[in-house]
Amino acid sequence: MTLAPENLGNRVLVVDDDAALARALSVNLRAHGWDPTTAATGTAGLAAAATIRPDVVVLDLGLPDMPGLDVIDGLRGWSRVPIVVLSARQLGDDKVDALDAGADDYVTKPFAMNELLARLRAAVRRAAPARAEEPVVVAGELRIDLARRQVFRAGEEVRLSPTEWALLEVLVRHRGRIVGRQQLLDEVRGPSFSVETNYLRVYTAQLRRKLERDPSHPRHLVTVPGAGYRFEE
């Protein structure tokens, strides 16, 4: 079979704990011109994505260490890489949840290899060109690893609550730009919290105490009066 030029050398990351399936996928993908890497856990998959910068990710939802949806969230915190879910779960809700979380396509097991290859080609074609994405953002004393969901200040890891991390992640992804209060509330807690006027103020203050050298005069987590918040590098 003649290899399609668009496939040659494209990096594909397969995140699946089924070792036999992962091996079979790797062999078939390589035979069709792809450059495959495999990972058996969500943690390993997120680390591999930050290292190899794949052109597309094939993701199983049933991973041993974390839900597949959390892997999608982790990737979407810093990357727009196409994600094709490959799962035995066939319920409509599972598909909707995966697509809403940021997946680009959903293939159910068992599957035909030629169909998966076609979907991978389509996902790569649809991927809009963008500036190089960096999973690690350095700002002054801060080192924010969006792929691994870690924050370091002056070389020491800072422990954040899930809500604190969610707020920081949104601001860092939009760094240098104003993020409105409503957008922050929607992304961090959902539309039902739109009336929680003190919510952002409380968590922003907590983040500043943990991350800013002088919380009363923040350098990175800046309030824009009447508009929202902005993360400055």
Side-chain angles (χ1 to χ4, degrees), residues 6-128 130 132-136 145-150 162 165-166 169 173:
E6 63 196 83
N7 301 339
L8 293 174
N10 277 350
R11 296 179 300 277
V12 55
L13 172 62
V14 178
V15 185
D16 198 309
D17 64 331
D18 184 332
L21 176 60
R23 282 195 300 271
L25 282 174
S26 185
V27 169
N28 275 282
L29 288 165
R30 188 170 286 110
H32 287 82
W34 299 82
D35 179 11
T37 298
T38 62
T41 66
T43 302
L46 289 171
T51 301
I52 69 170
R53 307 295 184 86
D55 297 295
V56 63
V57 173
V58 177
L59 173 67
D60 182 25
L61 294 182
L63 299 170
D65 61 332
M66 68 173 68
L69 294 181
D70 287 355
V71 178
I72 297 174
D73 287 340
L75 287 171
R76 286 293 173 256
W78 65 274
S79 175
R80 306 316 303 169
V81 61
I83 301 171
V84 177
V85 170
L86 183 62
S87 177
R89 302 178 184 178
Q90 300 187 21
L91 295 178
D93 287 346
D94 291 322
K95 295 181 181 180
V96 171
D97 290 344
L99 294 170
D100 281 346
D104 297 271
D105 203 350
Y106 195 107
V107 178
T108 55
K109 301 175 182 177
F111 61 94
M113 192 65 200
N114 60 347
E115 178 188 357
L116 177 62
L117 290 169
R119 290 177 182 264
L120 292 178
R121 291 193 297 268
V124 171
R125 282 197 304 268
R126 287 195 301 266
E133 297 159 323
E134 293 296 333
V136 177
D145 191 328
L146 294 169
R148 294 176 175 83
R149 298 188 171 194
Q150 293 176 309
W165 171 260
E169 181 184 65
R173 281 196 285 112

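- The CG atom of Asn28 lies 13.0 Å from the CZ atom of Arg23; values are rounded to the nearest 0.5 Å.
- Residues Leu29 and Met113 meet the side-chain proximity criterion, which asks for heavy atoms closer than 4.5 Å.
- Using a 4.5 Å heavy-atom cutoff, the side chains of Pro135 and Arg53 are in contact.
- Here the closest non-hydrogen pair linking Ala98 and Ile72 is O-CD1, 3.9 Å.
- When every heavy atom of Asp55 is checked against every heavy atom of Val124, the shortest pair comes out as O-CG2, 4.0 Å.
- Closest approach of Asp73 to Glu169, counting heavy atoms only: O-OE2, 4.3 Å.
- The backbone N or O of Ile52 sits less than 3.5 Å from a side-chain atom of Arg11, completing a donor-acceptor pair.
- Of all non-hydrogen atoms in Val81 and Ser79, the two that sit nearest each other are N-OG, 3.0 Å.
- In summary, of the residues considered (Val57, Leu61, Leu25), a side chain to side chain contact (heavy atoms under 4.5 Å, CB included) with Leu86 occurs for Leu25 alone.
- Once rounded to the nearest 0.5 Å, the distance linking CG of Leu59 with CG of Leu13 reads 8.5 Å.
- The two residues Arg149 and Asp70 have their closest heavy-atom pair at NH2-O, 4.0 Å.
- Listed for the Asp60 side chain is no donor-acceptor partner under 3.5 Å among the backbone atoms of Val15.
- Nearest heavy-atom pair across Val85 and Ala103 is CG2-CB, 3.8 Å.
- The shortest distance between side-chain heavy atoms of Pro54 and Val12 does not fall below 4.5 Å.
- Between Asp16 and Lys109 a salt bridge is recorded (basic side-chain N to carboxylate O distance below 4.0 Å).
- Between the CG atom in Leu99 and the CG atom in Asp94 there is a gap of 10.5 Å [rounded to 0.5 Å].
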Check residues 40-50 and write down every donor-acceptor pair under 3.5 Å in which the side-chain atom is one partner and the other belongs to a residue at least two apart or another chain.
from	atom 1	to	atom 2	distance (Å)
Thr41	OG1	Ala44	N	3.0
Thr43	OG1	Asp65	OD2	2.7

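- Comment: Arg76 engages Asp104 in a salt bridge, judged by a side-chain N to carboxylate O separation of less than 4.0 angstrom.
- Distance NE2/His32 to CG/Leu120: 11.0 Å, rounded to 0.5 Å.
- No donor-acceptor pair closer than 3.5 Å links the side chain of Asp145 to the backbone N or O of Val136.
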Test side chain to side chain contact (heavy atoms under 4.5 Å, CB included) applied to Trp34 and Arg121, step by step: CA-CA 10 Å; Trp34 299 82; Arg121 291 193 297 268; 4.0 Å; yes

